[in-house]
Every structure is written in structure tokens, then in C-alpha cells.
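One structure is given here, and the rest of the page talks about it.
Note that the structure is a prediction, hence the values are computed from the model and not measured. Residue numbers start at 1 and run along the sequence shown.
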Amino acid sequence: MSQTLTLARPYARAVFSLAREHGRLPQWSTQLGFAARAVSEPAVQSVLGNPRLDAQSLVEVLLPPGDVDALFSQFLSVLAENRRLELLPDIAGLFDAQRAEDEHVVKATITSATALEADELAKLREALRKRF
């Protein structure tokens, strides 16, 4: 686990910088999430190690439908050529963590013994906003 994170960290930093520079953090987050979920599928995992498939064929499997950023496609090509596509779930996780930190987003889970009224929930949200 720590080895994959060590390998994924430079890729995540690089793509985060690239996406932030181009103002496309939400799009990259979505595209990385799609590719990471695709790589996690057993059918795709069996294909990733196939030496007969070229890098471009692997990239086409991992591209989300619709409009895809050309830089994202190039990024997947680099990963495919270096046989690093299995790092996509870790890269996506690190990317989202950097994005949350950059956008000052803090996720909180509220656990209550009873159901909270809407006004109580609004007060809690406001208190958390002020605090964090």
C-alpha cells in the first residue's frame, strides 16, 4: 500500500498543478474518478497486464464518455506507457485530497441519537463554517 502511494504521489502532484493551472480541477476530479473506478473493475484489471495491448488501447478503455480534456488523455497515455495505470485509484484519492485542501473544504459527519430538525442542522453547519 505505501509503495503504491509513494509511486502515485508525484503523478498526483503533477496533474493537480496542471489542472489548477488550467482552471479545470472539477473536470479532472471527475475524469480521474471515472478512470480509477474503471481500473478497479476485475475485467479491466485482467486486461491491464496484457503485453499484447498497446498503450493507446488501454487509454481508450479508461476515458470517460463525452468531452475529455486532451491533457487528461495525454496523462493516461503516459501512465499506460509506463505501465502505471493500476496507480489511478491512489492518484485520484491524492488529487481529491489536494483539491479539498486547496479549496478549503472540510468534510464532517454528524452523528446524533435522534433525528435533527432542519434549524438545528443549519446551526451546526454555520458553527462548523465559522470554526473551520
Using 0.5 Å steps for rounding, measure from the CZ atom of Arg24 to the CD atom of Gln31.
6.5 Å
Heavy-atom check, side chain of Leu58 versus side chain of Leu79, under 4.5 Å:
no
Donor-acceptor pair, Asp102 side chain versus Gln98 backbone, under 3.5 Å?
no
Are the side chains of Asp69 and Gln27 in touch, meaning some heavy atoms are under 4.5 Å apart?
no
Test ring pair (Phe, Tyr, Trp, His ring centres under 6.0 Å) applied to Phe95 and Phe75, Phe16, Tyr11, the passing residue:
Phe16
Please confirm whether the backbone N or O of Leu25 pairs with a side-chain atom of Ser29, one donor and one acceptor, at under 3.5 Å?
no
Is there a path of hydrophobic side-chain contacts, each under 4.5 Å between heavy atoms, that joins Val68 and Ile91?
yes
Flag, side chain of Arg13 to backbone of Arg9, donor-acceptor distance under 3.5 Å:
no
Pairwise side-chain contact, Leu32 with Phe72, heavy-atom cut-off 4.5 Å (strictly under):
yes
Report the distance from atom CG of Leu76 to atom CG of Leu88, rounding to the nearest 0.5 Å.
6.0 Å
Which heavy atom of Val39 sits nearest a heavy atom of Pro89, and at what distance?
CG1-CD, 4.2 Å
What's the shortest heavy-atom distance between Thr114 and Ser112, and which atoms?
O-OG, 2.6 Å
CZ (Arg84) and CD (Glu86) are apart, to the nearest 0.5 Å, by 7.0 Å
Residue pair Lys123 / Leu116, side-chain heavy-atom distance below 4.5 Å:
no
Side chain to side chain, Leu7 and Asp90, heavy atoms closer than 4.5 Å
no
Note: Leu62 and Ala38 closest approach over all heavy atoms is CD2-CB, 3.7 Å
